[in-house]
Every structure is written in C-alpha cells, then in structure tokens.
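Notes for the one structure printed next.
Whatever order the structure lists ligands and atoms in, that order sets their numbers, starting from 1.
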Amino acid sequence: MPHLITLIPGDGIGPEVADAACRVVEATGVEVVWDVEEAGAAVLEREGTPLPDRVIEAIRESRTALKGPITTPVGTGFRSVNVALRQELDLFAAVRPTATLPGIPSRYEGVDLVVVRENTEDLYAGIEFERGSREIAELCRELQHLGRPEIPSDAGVTVKPISVSGTQRIVRFAFDFARRNRRRLVTLGHKANIMRHSDGVFLYTAGGEAQFSPDVAFDAVQVDELALRLVTDPREFDVLLLPNLYGDIVSDLCAGLVGGLGVVPGANIGWEYAVFEPVHGSAPDIAGKGLANPVAMILSSAMMLAHLGEHEAAGRVRAAVAEVLGGGEVRTGDLGGSAGTADMAAAIVAAVRRSG
Ligand code: NAD
C-alpha cells in the first residue's frame, strides 16, 4: 500500500523546497500518494482564511503531512497558520535534531543536539488582548480587583499558560525519545525564578517526572545561561527540553551552530498526527529566486520516512545529503556556494538513486 501524505507546499520558498523534498522521497522508491493542500497567504486572499478546514481534515485522514513554511504577517488579525495547525491537531511536541553535517563550516565539530519544544501552550496559546480594546479594559479592572500591579492603559497583553498536564506529556515524550534514541541527558531550560507560576510549573512538574526515568540524566538550567553555554560549548548538551517560546528561539540558535537554518529539519508530533517541516520560515528575501537550500526540508522528509517505518529509505536520504554536502561541489549560497535549489535537489536525488 502506498503511503498517503498530505503535502502543504506553503509560501515564500516553501514550494521550491517542497518540490525538492518530494523528488528525493520519490527517488527512494517508497510508494507515496501526495494529497496537495494549499494554506497561507494565497488562500487567505481567495477564501478569507489562511487555513481552510479541508487542510485539517486532509491531515486527519492521512495522519502525516510534509509542510513547507508559511508566512505569518506581523501584527494582523490572523493567527499564525503554523501555530493554529499545531493546536488544531494537538501536535504537542516539536522535535528538531541539530547535528554537525559533513563539509559545512561551523564553529564546533561534533554537535549532536535535539531540541524538544512544547508546541501548544505558553505565550503561543493565542490568548491575547488588543491594546485599547474593551476586553483589555475588563482585564485591567479584574487585575486591579485582585490587587495585582496596574497595566499601563496603552499596553497589549499576551497570557502565558503552562499546565501540569501539558508539561507532563512533553516531559514523558522527551524522556521516551531520549531512551529510544540512546541519548544520555535531558536538559530543561526555564526562567522559573521570574515566572514562578508558568515556568515554575514546567520546572517542578518535569523534576517530578524525571524521577521515573533514572536511566536518563536530567538537568535544569535558566534559559539565559543555556543560551550562553550553547554558544560557548554546545557539545555538553544532548536533548534540550523547552517551553514553546524558548524552544522557538533556541532552535534557531542551535541551527546557527551547525550551518544555519537551511540545514535543520523538524517534526511536530502528537498522539495521532505528525507534521514534518523545516525549522526555517518562508525566507521572503530569497523566495522565487531558486536560491533556497532544500536540505532542511529534505531532512524533514527523512524524519517523515522514518516515522512511517521506512527506515532504510530514511537512512539513504540522510546518507545522500551527507554525501553531497561532504563532496563540497554543490552548495547553495547560505553554505558559501553558488548552486541553486534545483542543483542541490538533483545532486541529492542522484545520490539517493545510486544507493538503491
Ligand atoms: P526565515 O527562516 O524565513 O529567514 C531567516 C533568514 O534565513 C533569511 O535571511 C533567509 O533567507 C534565511 N533562510 C531561511 N531558510 C533558508 C533556506 N532554506 N535556504 C537559505 N536561506 C534560508 O525567518 P523570518 O525571515 O523571520 O521569517 C519569514 C516568515 O516565515 C515570517 O512570516 C515567519 O513568521 C515565517 N515562519 C514560518 C515558519 C513555519 O512555517 N514553520 C517558521 C518560521 C518562520
């Protein structure tokens, strides 16, 4: 039976890197039926919503999606499609492996980290109060009533919920992931000294859960110190467990440690569905020019193949990427080369075919 996969090309560089990834998956010989679904800016113009219900329904049917990045316009009335998708499908865990790749110049050799980011709570929960709105006036009155510090009348507010149940499942996921992938240490990042009742819940719940996983070491570090230690020597870390916002920021920082956003893949995983997408965004500065590095998207498709049980094909895709990068002849601009997206994709497709 072929695998039914929902393909969301996205916008900006999304369609370019998605096309590259599809060609690489097809080169493995794994049988795939792509159900292509549009989401993002173009759909918003046509249909008044950037995420039509049919996209969610399509993923509920296929259970697996490969997704290109989607632009989130800053400061408009529309929520991020990416955040909405993760919440609608309860994709509570983002998994972002960050490892040194052959032939990619970077400050450190031997980096091998995985960021596990909680994906549904925290400041990304979508509980926002618009500056000057009736709701925020009510909120201010309620806070005054509760004896809390006054909010300036010209402030906007975003609420940061972090629950015990939401933390328990991401912590269990992180330890389970560590165990299955023979990893030795889970390091949690927090700011519980300042945000005692949100990051505090994350820290203390995780500490309690960690006791049930004595085979994997557990450590907790304030996230600002974590940032310093990551750029000082990332090799001391293994699995990083982070609430939503810190996970977003630290993922990009980690990408910078191994050659940039063009090479770091990702997966959003829940109990029922999984959506695979690179860490990078839609890169409007290079969109439509054929310059984007497709490696992050191609490695995301390798994660997808492994998730579907196609481990041999996933291994061949990873090996092909390593071969092409290690060869050093075909490289996109972000890696210091002059190749385009299509050149890189063709070289990886050829390497996958040779390994078959
Ligand atoms: P970005 O990741 O799109 O780009 C940051 C920088 O990295 C840019 O200079 C870009 O050219 C470069 N870059 C990114 N991917 C690259 C690739 N594959 N090859 C070569 N260079 C690459 O981040 P941004 O500019 O902050 O965000 C642009 C848009 O993407 C925003 O609307 C943002 O909300 C959205 N975004 C979407 C997702 C997603 O769909 N999951 C993730 C992050 C950002």
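Protein heavy atoms are found less than 4.0 angstrom from atom 11 (O) of ligand 1. Protein heavy atoms come within 4.0 Å of atom 21 (N) of ligand 1. Within the 4.0 Å cut-off (strictly below), a protein heavy atom is located near atom 1 (P) of ligand 1.
Residue E16 places no heavy atom under 4.0 Å from ligand 1. At a 4.0 Å cut-off, not a single heavy atom of M297 sits close enough to ligand 1 to count as contact.
Here the options are D199, D122, D224, the test is salt bridge (charged side-chain N to carboxylate O under 4.0 Å, His left out), and the partner is K191; only D224 passes.
At the top of the distance list for atom 41 (N) of ligand 1, counting protein heavy atoms only, stands E277 OE1, 3.1 Å. From the protein, the heavy atom lying nearest to atom 19 (N) of ligand 1 is N293 N, 2.9 Å. Scanning all protein heavy atoms for the shortest distance to atom 28 (C) of ligand 1 gives P284 CD, 3.6 Å. Nearest to atom 9 (O) of ligand 1 among the protein's heavy atoms is D285 OD2, 3.0 Å. In terms of protein heavy atoms, atom 16 (C) of ligand 1 is closest to I13 CD1, 4.0 Å. The protein non-hydrogen atom at the shortest distance from atom 3 (O) of ligand 1 is A283 N, 2.7 Å. Of the protein's non-hydrogen atoms, I70 O, 3.3 Å is the one closest to atom 37 (C) of ligand 1. Looking at atom 14 (C) of ligand 1, its nearest protein heavy atom turns out to be H280 CB, 3.7 Å.
Close approach of ligand 1 to A292 (heavy-atom distance below 4.0 Å) involves ligand atoms 19 (N).
Around the CD atom of E130, the shell of radius 6.0 Å holds no more than 12 heavy atoms that belong to other residues, nucleotides or ligands.
With distances taken over non-hydrogen atoms, the option nearest atom 31 (C) of ligand 1 out of D252, I8, L261, T72 is T72. Selection from G40, G68, G266, G281 by nearest heavy atom to atom 43 (C) of ligand 1 gives G281.
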